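One structure below.
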Amino acid sequence: MSYNLETYKEPFWAKSGNFVRGRDPLGVQNSSISVYATLLPGMTNLTLRLRYYGMYLWLLDEYHALPTNSPFKQSQKAQYTFIRRAELITAFLMVNKHPNELSVIGNDFANRNINEAKEKGFYDIALGADQNKDTEKGSVYWDYNSGALGQYYAGSLFALNLADSKNGYFERTEDYGKQLAESYRKSLSKEVEVLFLKRINEGKLYLDDLDLIDEIALNKEYKDTPEGVFYFKMLLSDDGLKSKTASQKITSQRKESLQIFLNLINNGDENLNIFELPLISYSSCLKKNKDEVSEASFGWYYYYLNELAHHSLEAVFWGMLREMDLKSYSLEQFLSKITKKVCDKSKILLGEHAEYLIPELISQLDKEKFITLNYIESIADSVKRENGIDGIVQGIFALLSLYRDNQHKLNDVRFYANDHFLDSKYGNALQIFHTYIETSQNLKFADFVRKFIHTLLNEHIAVAYNKMGNGEKNLLKFVVEDNYLVHIETMRPNFTNPRLRTLLNFTRDLGLVTVDNELTESGKKLLNDLNSAK
C-alpha cells in the first residue's frame with residue numbers, strides 16, 4: 001500500500017506537542033513590567049481612556065443603589081450583564097456620534113452592527129451584550145464574561161483604591177470610589193442618568209437616544225468640572241499605601257512620571273519621539289548621582305537598564321535558534337561550533353583582549369568603539385538579514401558594554417530594586433549581570449561565550465517547563481532528542497510597552513496635550529506648578 005497525505009494517519013505518540021507562541025521565551029520581561037507598574041500605578045497598556053474610570057465608578061454606585069429584588073442583583077453574572085450592557089451602549093454611542101475616537105470598548109462590534117437600528121428600529125443591546133449558556137464565542141461585543149471592566153480596568157481601579165471585589169462582585173470603595181462616582185454624576189443631567197439606566201434595564205437602545213445620552217461620550221470636555229478636578233487630583237496624588245517602600249516611604253512616581261513626560265514634550269523639538277522617555281532618563285541618570293534625580297527618573301533608568309539587558313539576551317537566543325534552524329547539531333557540536341563562529345567573528349573587534357579574563361576585557365572595551373546602544377540598534381539589522389551569528393555577537397557585546405557602562409550605578413540600582421520590592425523579579429538586570437558576567441570572572445572570552453550559550457539553553461528550558469506547569473501548552477522553542485537539538489520556532493527579540501501610550505491619552509483627555517503633542521496652556525500651567533514645587 002502506498003502512503004500519501006490522504007491515506008497516512010500519524011500514530012498518537014507522534015502527534016504535535018501543542019507548542020504555542022509567546023513573546024517572552026526567556027521569561028525575563030516580567031521584571032520590566034513590574035518596574036513600569038511601579039512607575040505608573042493605576043494605568044495599564046489597555047486602560048487607554050480616562051473617562052471609563054468615572055463611568056465605571058458611577059455604574060457601580062448606581063448598582064449599589066439598586067433594590068435587592070432587581071434582576072441585576074441576583075448573581076455575579078447578573079452584575080456582569082449590567083456592566084456589559086453599559087459598555088455596549090457606550091460603544092454604539094461613540095461609533096455613531098464620535099466615530100474617530102479611539103480605544104472604545106466594543107468598537108469593532110458596534111461598527112459591524114452600526115446599521116442594525118435602521119433595520120430593527122433599535123440596537124438589541126441584550127443580544128449583543130448578554131452572555132448565556134448558548135452564546136457563541138465572538139457573537140457578542142466582548143467575550144470575557146465580566147466585560148472590559150473585569151478584564152482590563154478592574155486592576156487599575158483596585159490599585160487606585162477606587163473599587164474592590166467582595167464575594168466576586170465589583171464594588172466602589174466607600175470613600176475615594178464614591179467621590180469619583182459623585183463627581184462623574186455631576187457631569188450628567190438627571191434626564192441622561194435616568195435614560196441610560198433605563199436602556200440598560202430594557203436591553204435596547206434607539207437611534208433617538210444617541211443625541212440624548214451624548215453626555216456619556218468618552219471625549220466630552222470635562223476639564224473644569226468636578227469630574228475633571230477629580231482626575232487631576234487622582235493623577236497628581238501620591239501612589240497610595242500599596243506603594244510603600246521597604247524604607248517606609250510612600251512614593252509619588254506617577255506624578256513624577258507625568259512631570260518628566262510634560263517636560264519632555266515642552267523641551268523637545270518637532271522630531272522628538274515622546275516614547276523615548278525611558279531612553280532619555282537612562283542617558284541622564286548615567287551621568288548624574290541618584291540624589292540629583294527624582295525617584296521616578298531613576299525608576300525609568302532602571303526600567304530601561306532591564307530592557308537593554310533583556311534585548312541583549314534575546315538577541316543571543318534568537319541567533320542560537322536561527323543557527324539551529326539551519327543545521328542539525330548535537331548539544332556538544334552546537335556549543336563548540338557556535339562558540340568558534342562567535343569567537344572568529346569577534347577576533348577583529350577584540351584583538352589581543354580575547355585572551356584577557358572577563359573583568360579585564362570589560363575594562364578594556366573602548367567606549368568609543370563598543371557602544372551599547374549601537375549594538376542594540378544593529379540587532380534589528382541582523383534579524384532582518386537573518387544572520388544568527390551576527391545577532392549573537394551583537395547581543396554579547398551589548399551586554400558586556402552595558403555592564404561596563406553601569407558598574408558605577410549598580411549599588412544605587414540594588415537599593416532601588418530592594419526598596420521597591422523588585423529585586424526578586426526573575427530576569428532583572430542585576431540577576432542577568434550576575435548569571436552571565438559576574439560568575440565568569442575567571443574565564444577568557446572563548447570559555448565565556450561557551451558558558452553564556454550553554455546557560456541560555458538551560459535557562460530557556462527551565463523557564464518553559466516552569467510556565468507549562470501542569471498545563472498542556474508547550475512553550476519550548478527547541479527540544480533535545482537523543483542529545484540532538486531540534487528547532488521548533490525562532491523568536492525575535494522585542495521590547496515591552498511601558499504604558500506611555502496610556503499616559504499620553506490621559507494628558508490629551510485632560511486637555512494638557514494637543515493631538516499634535518504640544519502642551520496646551522493648561523499643560524504649561526500644570527508643568528510650571530510641578531517644576532516650581534521641586
Side-chain angles (χ1 to χ4, degrees), residues 46-49 51-63 66 70-153 170 184-185 187-220 222:
L46 299 167
T47 54
L48 292 167
R49 296 308 296 257
R51 204 167 192 227
Y52 271 120
Y53 289 58
M55 187 184 84
Y56 284 132
L57 268 296
W58 170 67
L59 286 170
L60 292 178
D61 195 55
E62 291 294 338
Y63 183 85
L66 290 175
S70 166
F72 295 117
K73 281 208 164 180
Q74 303 313 303
S75 67
Q76 296 171 22
K77 183 179 178 181
Q79 188 196 42
Y80 299 162
T81 299
F82 181 82
I83 298 296
R84 290 172 63 89
R85 289 185 180 184
E87 290 180 348
L88 184 53
I89 290 172
T90 304
F92 276 119
L93 168 67
M94 295 303 294
V95 299
N96 276 281
K97 300 288 291 180
H98 311 281
N100 295 324
E101 289 296 317
L102 302 176
S103 305
V104 177
I105 293 162
N107 180 71
D108 290 343
F109 179 90
N111 270 313
R112 290 196 304 271
N113 295 277
I114 196 169
N115 294 318
E116 177 187 347
K118 295 177 182 178
E119 299 169 2
K120 290 185 176 180
F122 61 89
Y123 289 116
D124 195 332
I125 299 299
L127 181 65
D130 298 6
Q131 279 194 326
N132 304 305
K133 290 182 179 180
D134 57 349
T135 300
E136 294 182 7
K137 186 175 181 180
S139 65
V140 289
Y141 83 102
W142 204 265
D143 285 323
Y144 196 81
N145 62 352
S146 54
L149 169 61
Q151 188 169 12
Y152 292 157
Y153 279 84
F170 296 116
Y184 181 88
R185 183 177 286 111
S187 295
L188 308 180
S189 65
K190 188 63 180 176
E191 292 77 15
V192 169
E193 280 194 276
V194 170
L195 180 59
F196 193 83
L197 294 168
K198 182 179 180 181
R199 296 303 181 235
I200 291 176
N201 187 62
E202 292 178 353
K204 294 180 180 180
L205 178 70
Y206 298 88
L207 279 176
D208 291 344
D209 295 334
L210 296 172
D211 286 331
L212 300 175
I213 64 170
D214 198 40
E215 292 174 5
I216 298 288
L218 299 174
N219 59 337
K220 178 186 175 182
Y222 50 76

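This structure is a prediction, so every number in the text was calculated from the model and none was measured. We're numbering straight along the sequence, starting at 1. Hydrogens, waters and symmetry mates play no part in the numbers below; they use all other heavy atoms, side chains included.
- In this structure, the separation between CD on Q79 and CG on L60 is 6.5 Å, given to the nearest 0.5 Å.
- Taking CG of N132 as the start and CG of L127 as the end, the distance is 9.0 Å to the nearest 0.5 Å.
- Atom-to-atom distance recorded for I213:CD1 and Y206:OH is 13.0 Å, nearest 0.5 angstrom.
- Remark: Y184 pairs with no residue by the side-chain hydrogen bond (donor to acceptor under 3.5 Å, both in side chains) rule, at least two apart or across chains.
- By the 30° and 60° cut-offs, the orientation of the rings of Y152 relative to W142 is perpendicular.
- The line from NZ of K190 to CG of L188 is 10.0 Å long, rounded to the nearest 0.5 Å.
- Closest non-hydrogen pair, I200 versus F72, comes out as O-CZ, 3.8 Å.
- Here the closest non-hydrogen pair linking L59 and A86 is CD1-CB, 3.5 Å.
- Rounding to the nearest 0.5 angstrom, the gap separating the NZ atom in K97 from the CG atom in D211 is 3.5 Å.
- Formation of a donor-acceptor pair under 3.5 Å by the K73 side chain with backbone atoms of L66 is found in this model.
- Nearest heavy atoms, L197 versus E62: CD1-OE1, 3.5 Å.
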TODO: Starting from the C-alpha separation in whole Å, work towards a yes-or-no answer on side-chain contact (heavy atoms from CB on, under 4.5 Å) for K118 and L207.
DONE: CA-CA 8 Å; K118 295 177 182 178; L207 279 176; 4.2 Å; yes
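- A side chain to side chain contact (heavy atoms under 4.5 Å, CB included) with M94 is found for one member of N107, V104, L102, I89 and no other, namely V104.
- To the nearest 0.5 Å, atom OH of residue Y56 and atom CZ of residue F170 are 9.5 Å apart.
- Side-chain N or O atoms of Q151 include none that pairs as donor or acceptor with a backbone N or O of S146 at under 3.5 Å.
- Using cut-offs of 30° and 60° on the angle between ring planes, the pair Y153 and Y53 is perpendicular.
- A salt bridge does not link D214 to K220: none of the charged side-chain nitrogens sits closer than 4.0 Å to a carboxylate oxygen.
- Counting heavy atoms of neighbouring residues, nucleotides and ligands inside a 6.0 Å radius, atom NZ of K198 does not exceed 12 of them.
- For Q76, there are no side-chain hydrogen bond (donor to acceptor under 3.5 Å, both in side chains) partners at least two apart in sequence or on another chain.
- Counting heavy atoms of neighbouring residues, nucleotides and ligands inside a 6.0 Å radius, atom CG of D208 does not exceed 12 of them.
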TODO: Could you walk me through whether T90 and I105 pass side-chain contact (heavy atoms from CB on, under 4.5 Å), step by step?
DONE: CA-CA 8 Å; T90 304; I105 293 162; over 6 Å; no
- [ ] May I have the step-by-step check of side-chain contact (heavy atoms from CB on, under 4.5 Å) for W58 and E193, ending in yes or no?
- [x] CA-CA 10 Å; W58 170 67; E193 280 194 276; 3.0 Å; yes
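- Nearest heavy-atom pair, N219 versus H98, reported as atom, atom and distance to 0.1 Å: ND2-ND1, 3.3 Å.
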Task: Pair M55-I216, side-chain contact (heavy atoms from CB on, under 4.5 Å): steps then yes or no - done: CA-CA 8 Å; M55 187 184 84; I216 298 288; 4.3 Å; yes
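- Using cut-offs of 30° and 60° for the angle between ring planes, the Y141 and F109 rings count as perpendicular.
- Looking at heavy atoms from C-beta onward, F92 lies in side-chain contact with N113 at the 4.5 angstrom threshold.
- Between the side chain of Q74 and the backbone N or O of S70 there is at least one donor-acceptor pair closer than 3.5 Å.
- In terms of heavy-atom proximity, D143 sits nearest to G138 at OD1-N, 2.9 Å.
- Applying the salt bridge (Lys or Arg N to Asp or Glu O under 4.0 Å) rule to pairs touching residues 77-89 yields R85-D130, sequence neighbours excluded.
- Counting all heavy atoms, side chain and backbone alike, P71 lies closest to A78 at O-CB, 3.3 Å.
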